[in-house]
Amino acid sequence: MDPIEDGDSDIYLYLNVELKRLRTFVKCTKYLLLEKSEDDNDDDDEIAALNLGSLLCKIKDALIKLIGDFGSITHLENTTLVSITQLENTTLVPVEDTDACCFVLFGEIQKILSKLTWKDKGMIDDMCSRFEENNQVLGQEINRAYITFSDCLPKLTSPMRDVNGLMELIHTVLDNLTAILNCCDADDVAKFKMEVRLQNLKVKLRSLKSFISFAKFRDVEHSQLENLLIHAEIFTLKAAHFLYMLWDHLMGEIKDDYGTDGESLDEAYKDREDDDGTDGDSEDGAYKDHEDDNGTDGDFEDEAYKDHEDDDATAGDSEEEAYNDREDEEADGDSEDEAVEDDILIKRDEMLQKIMFVDPFAPEIHIQALQALKASGSTHSLEMKNKEMARDFVHSLSDTLWIVFANSSNTSFLVSVADQMQILYDGLLFLRAILTNQQGTFDELREEMKDFVGDLVNKAGTVVCLLCVNGVKDGFAKETNDAVCDFLEKIHHIKAEIGNKYPVTSTPNFPKTNQLGFIDVLLENLKELTNCKLNSITLVQDQIQVFEKGLVFLRSFLHKFVDQHEELQSLRSRIMEVADKAEFVIDSLMVGNIECSSFLFETITEEIKHIKIEAMEIDESKKYNTAEVQKFTKPSILVPSQGSTSTMDEGVLKVDEETTAIIDRLTRGSMQLGVVTIVGMAGLGKTTLAKIVYNDPSIMYHFHIRSWCCVSQLYSKKDLLLQILDCITGKHCNTNLKEMNEDDLDMKLYRHLKGNRYLIVLDDLWGTEAWNVLKNSFPEDTNASRVLVTSRLQDLASEIKSNCIPHTLRLLTNDESWELLKMKLFVPPAMHVLGKEIARNCKGLPLTIVIVAGILSTLEQDGWEEVLRSLSSESVSFTEQWRYTLELSYKNLPDHLKSCLLYFGLFPEDELFSTDRLIWLWIADGFVRKTEVKALEEVAEDYMKDLINRSLVMVEKRRSSGSVKFCKIHDVIHEFSVAKGREENFLQLLRGGNDLFTIHEASKARRLCIYSKGKDFEEEKIFCPRVRSLICFGPDCNLMLYPSSLLEVFRIFRLLRVLDMYQIDLGDCFPTVIELLILLRFLSLTVSVDYIPPSIANLSYLETFLLRESSDHGTTSLLPDTIWKMKNLRNLYSEYNLILPWSRNLENSCGLCHLQSISTVELRCKNMEKITRLLPNVRKLKCRLSDSSGDMSAGGKCDRIFALDSLTKLESLCIDTYSVLGEFHIAFPMNLKKLSLSYLRWQWSDISSIEKLPNLEVLKIKLNSFEGKVWDMEGVEFPKLKYLGLEYLDIVNWRGDGEHFPCLKKLVLKQLEELEEVPSCLSCISTLEMIEVWWCTESIVDQVKKIEVEQNDLGNEGIKIVIRKW
């Protein structure tokens, strides 16, 4: 039986916290009594009156009783209980011995908890109930003791504080705090705010501990630290009391489990108010000025959520009015109960706020201590443990600085000091990295430099404390600025010291990629500001126009001199620096910060004037005549693609000997489970060969089950198991798989494979670790099952399985290289000689040949010789051939495609990209330029096609219409994108752990991808205020993160335009803090909520809003009325149903004129015409029709019509009518090209309404859309239909012998279990390219094979038949 581990059980969590809070109290008592014993003041009898000895004995007795209860659990070792028996007679020992006895008991109980198993759970429940009852009286006494401690501690005048005891006390309180945080579940606003305060409290306690440790190490005299130690004592005791009472509050949430009614909390508050006197007020008053300046203890959280609570009330009213016809989904009684519970939670939260802390930073006190540090003249060198103390101290300083910045409530603070704070923060991170001894840097410093580092740590503390004292709302105060400059100067000194061995590169703030596009986006944003009617913007309109003219000139100059010629590079960099500053000012204006922006206008305008004068001199200079300029700026000549270069994999060269060898090893030999490995260098075609084998008909026939899994360097076991199961069962069957844990998935996979002959492909394996976590999932049934592995590692085969000989891929021969080039590119006969030379110089690497083909396809034929000269360079090594070729391809790309390609580097290796999502990201980031003819999405689709034609992007899956649905890039192209993106300040990819604080250049990155565990994301303070795009991933398919962790993060990233948190599970709490990010263009979240808050409309620039369901429970979410104010919204996508609101005040609204696609929305017959009128330009719609009335007209005919015909621009429609009862009709838009139907329950004769659609090319009839055993197509014709899918229907006979589908290219039959007959006309369709049959009867399989033969007889030898059986 497995033991109960921390976090596995509420019971364990309860006992753990209960013991730790008692232990914290005992530690506080011990510390205070030690202070009291050393105090000369004997007049204070308040502590004596508490009779602490008696209270400690009661605690000890409660612990002994708990251990006695554990004795009834027979499998526990008797040795533990014997040691407890020896302590039972210590009732009358002195207090000092009693607390020692308690600590022994705590240790013994922890040992017992580690031995408990799940079979003990029932007995533990009873013990917890008794323990809770016994502790209720104790709790009252402990609360009173804490209050007395707070009153008495400042009065003690002990000349020697117990520093070690204080450090132990802080450590104990931190341990208590961590245990409580593990129990927090921030599922509503009140708990959300509480968890934020607890996280901040944790940072503050750690800061105190590290500060005191560092001061102690530097030999500062106790007398000089007296104020700091008193301050630390008071704060720590108040924190301990707060946590003690907070646990009572939390136990009120789970009183049904443990019988806690929360009354002790209310009584404690009452006692606090009655007994505390004026002491608390005096403490509050002492720090009032500081609180006013910086905002402490969660005031900022109240401000951030004030609107949320107000909006909840108003939204509820408007929703009730708008949807008075909606079915009752919740009982009134339940709603009232929930309202009462919410009210109780909020009131409790307000009561907890009454316990006010002394400001933990107390900057004046800290500065006094730092001055003492400076004067101490300590000769201690930062070695070993001392270095670790300094590192922890610097860590706490960076956390403090982060909180100071994040807690600012106004944007003017952000834009005025963001750059200065960033430089300071980077300096702290650099110092922390040195003290962490990365690459042995610190250990290799000279001794005097180590002492210099120690002094610098002290200066860092002074800087941060001055920031807390002086504030930073309007920039740094002079004293602060001087200290910052001094600190940074010394940081530069250290960098110079280590620079020779560890060069520190400097990355500019401005982007080096697509610079013209960057300025174009600035001009578009300025245009928006020019059209703005706000009075605040009107005041600076003249300045905006001057600004705009200056940027237009700079753009025209860059366009004229696009080459990176050395004599122009300096000026080009200055132009981009000014453009970067301009972007900052424009963003400030867009977020409403007029005051901060206006004074920067003059500075930047003046810089533009100077650059303009210099640029005009260059333009007129004889040095740069027209011919030379053309030489510098001659772009690559782009021509339409000359051949089929659609993907790297489509049309690949099939080397028969390689394919045959792998197939033989998979299908022959031992009956034991076998492993076959394909190894070779990057770009040699391992994955391509594996795919050819995987899809070979003989392999499909031989194995009962096949599955493909892409492993890569970053993976999680759960993600790998899900990939394999998805292939086996189909994603439509996997609605609950993501909620299962690894063990359950492991067992599910094992059961699927058991008894079947299976083939599992593990693509791109980088070591044995992934194999070791999966191998137990593969049953050994001695039925010749196989695992096929691809890897770059030659030794991997023998490490996986002894005597396993790898299949090493060879290079292509010159003839094979030439054949592959011709497959990817049309080579005119006159160019054959040159083409063969180019192929030969690709050195047999398939990837190089494919990429070169992509380059050649864009060049005129006279440019081929230049490519040959580049490939023939002797300086390019064989192993670096593909990198060199990629660099050549990248240089040949137009600027906008460079940005699009580098964007792939923001995502993990081997990521499967949704083309729609990627295109929306490109648009949000400003890569896609507007045209008069095409929509932005259509232009972006052309960009994608161009990258595919250049063989830089692979098509993974196409839609039924033929467009690209999913795509990938080769792993070597991903490596290139990441490296080039970092080089050009385009992106940073952080992988968690040390990455989150050691990559200093990330602070300058414009796009940031964070791939980390939730713990890393929450604890490491990421400070990148210049970031415009933030993409987050977790090692599992869903990284759970509570919204409380996001509040401060979003205060740092307030200039974001892209926020993609698709893999961050936010549970059922919508993070309303996102309303701070008013510049967002793209927002992707995983959350399950009943309604979207009205504050979402604050994101007025939002173009794409994606919602993914955090659990598969069929959530329906109500959109707020304010959604109609989001005029820039282009794409609204949700995995669950969205309800669009309607009210009378929308009758004169123009609606969402820019909306292009929406999915999935619930539409009702009653207000459908009104709603669709507000969506005039929608091109793609996925909807669920809803109406339960089923009314009939007087004549007995159905008069319910779902009117969609007003959507005149609609091209793609997916309809689900599962919840519609009775008969109904649908008025389809005549412009439809793609139609997917589910649950219509129409008769086959009703298909005439679809047949009439003149432009229909794709038709999917699924899930009981049509009922009836026979579909006779007499008189039915779909003149333009290219794709027909029939799925999950009860049809038996499908008949037709005419020209019903004259243009049909693809037919898909899926799970038609009763179908016995397909129409004979299928044999005569000359355009037919493919028939797919999934899980149908043998009769249908035979008929389809017959159709294949008949098509071949008619000359259509290219038809492809795919059969998939259960």
Side-chain angles (χ1 to χ4, degrees), residues 398 401-402 405-406 408 411 413-415 417-426 429 507-514 518 521-522 525 576 579-588 590-591 899 902-903 905-907 921-922 924-927 978 981-992 995-1012 1016-1017 1020-1033 1045-1062 1064 1071 1073-1074 1076-1085 1099 1101-1102:
S398 61
L401 182 64
W402 195 90
F405 190 85
S408 169
T411 310
F413 166 79
L414 170 73
V415 296
V417 299
D419 282 347
Q420 294 167 291
M421 293 284 276
Q422 177 184 304
I423 295 171
L424 176 57
Y425 193 80
D426 286 349
L429 291 188
T507 302
N509 288 331
F510 60 84
K512 296 169 67 177
T513 303
N514 195 17
F518 177 73
V521 173
L522 298 187
N525 291 340
M576 291 311 301
D580 180 70
K581 295 177 184 177
E583 180 194 39
F584 203 68
V585 174
I586 293 169
D587 286 348
S588 304
M590 294 179 75
V591 299
S899 298
L902 294 186
Y903 212 89
L906 275 169
F907 298 85
L921 284 165
W922 289 349
D925 231 321
F927 303 155
V978 172
R982 283 173 170 163
E983 175 188 329
E984 301 201 352
N985 195 33
F986 182 88
L987 61 82
Q988 276 290 349
L989 182 62
L990 305 185
R991 301 184 187 275
D995 257 6
L996 295 182
F997 71 87
T998 60
I999 301 182
H1000 318 306
E1001 298 302 330
S1003 60
K1004 296 181 180 180
R1006 304 185 61 81
R1007 296 166 192 88
L1008 184 63
C1009 176
I1010 300 174
Y1011 186 96
S1012 76
D1016 292 333
F1017 189 88
E1020 293 298 342
K1021 308 299 183 183
I1022 304 167
F1023 191 88
C1024 305
R1026 303 185 69 89
V1027 165
R1028 297 309 200 274
S1029 298
L1030 178 62
I1031 298 174
C1032 302
F1033 289 89
S1045 308
L1046 305 177
L1047 177 60
E1048 293 172 338
V1049 173
F1050 289 156
R1051 290 181 177 277
I1052 296 292
F1053 297 114
R1054 276 181 282 189
L1055 297 182
L1056 280 180
R1057 293 174 187 162
V1058 171
L1059 177 60
D1060 190 341
M1061 303 185 72
Y1062 207 59
I1064 308 295
V1073 290
I1074 284 175
L1076 298 172
L1077 310 177
I1078 62 178
L1079 294 181
L1080 276 182
R1081 265 72 168 172
F1082 180 100
L1083 175 61
S1084 178
L1085 301 174
L1099 309 180
Y1101 297 103
L1102 193 65

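Here the structure is a predicted model, which means the values were calculated and not measured.
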Calculate, to the nearest 0.5 Å, the distance between atoms [atom1] and [atom2] belonging to [X] and [Y] respectively.
X       : Y       : atom1 : atom2 : result
Arg1081 : Leu1099 : CZ    : CG    : 11.0 Å
Leu921  : Arg1057 : CG    : CZ    : 14.0 Å
Arg1054 : Ile1078 : CZ    : CD1   : 10.0 Å
Ile586  : Leu1079 : CD1   : CG    : 11.5 Å

I'd like to check [X] versus [Y] (side-chain heavy atoms, cut-off strictly below 4.5 Å). Are they in contact?
X       : Y       : answer
Gln988  : Arg1006 : no
Ile1010 : Leu1030 : yes
Val1027 : Leu1055 : no
Asp580  : Met576  : no
Leu1083 : Ile1074 : yes

Run the side-chain contact (heavy atoms from CB on, under 4.5 Å) check on Leu1077 and Leu1059 step by step: do they pass?
CA-CA 9 Å; Leu1077 310 177; Leu1059 177 60; 3.9 Å; yes

Yes or no on side-chain contact (heavy atoms from CB on, under 4.5 Å) for Arg1028 and Phe1053, after CA distance, side-chain angles and deciding distance?
CA-CA 8 Å; Arg1028 297 309 200 274; Phe1053 297 114; over 6 Å; no

Checking Arg982 side chain against Leu989 main chain: does a donor-acceptor pair fall under 3.5 Å?
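Checking the backbone N and O of Leu989 against the side chain of Arg982, a donor-acceptor pair under 3.5 Å is found.
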
Is a side-chain donor or acceptor of Asp925 paired with a backbone partner of Phe927 at a separation under 3.5 angstrom?
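The answer is no, because no donor-acceptor pair under 3.5 Å joins these two groups.
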
Which residues pass the side-chain hydrogen bond (donor to acceptor under 3.5 Å, both in side chains) test with Tyr1101, not counting sequence neighbours?
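Residues passing side-chain hydrogen bond (donor to acceptor under 3.5 Å, both in side chains) with Tyr1101: none at all.
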
If you take all heavy atoms of [X] and [Y], which pair is closest and at what distance?
X       : Y       : value
Ser899  : Thr513  : OG-CG2, 3.5 Å
Ser398  : Tyr425  : O-CE1, 3.3 Å
Leu522  : Ala579  : CD1-O, 3.4 Å
Ser1029 : Leu1056 : N-CD2, 3.8 Å

For the rings on Phe1033 and Phe907, is their centre-to-centre separation under 6.0 Å?
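Yes, the ring of Phe1033 comes within the 6.0 Å limit of the ring of Phe907, centre to centre.
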
With sequence neighbours excluded, what pairs up with Leu906 under the side chain to side chain contact (heavy atoms under 4.5 Å, CB included) test?
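Applying side chain to side chain contact (heavy atoms under 4.5 Å, CB included) to Leu906 gives Tyr903, Leu987, Arg1007, Cys1009, Ile1031.
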
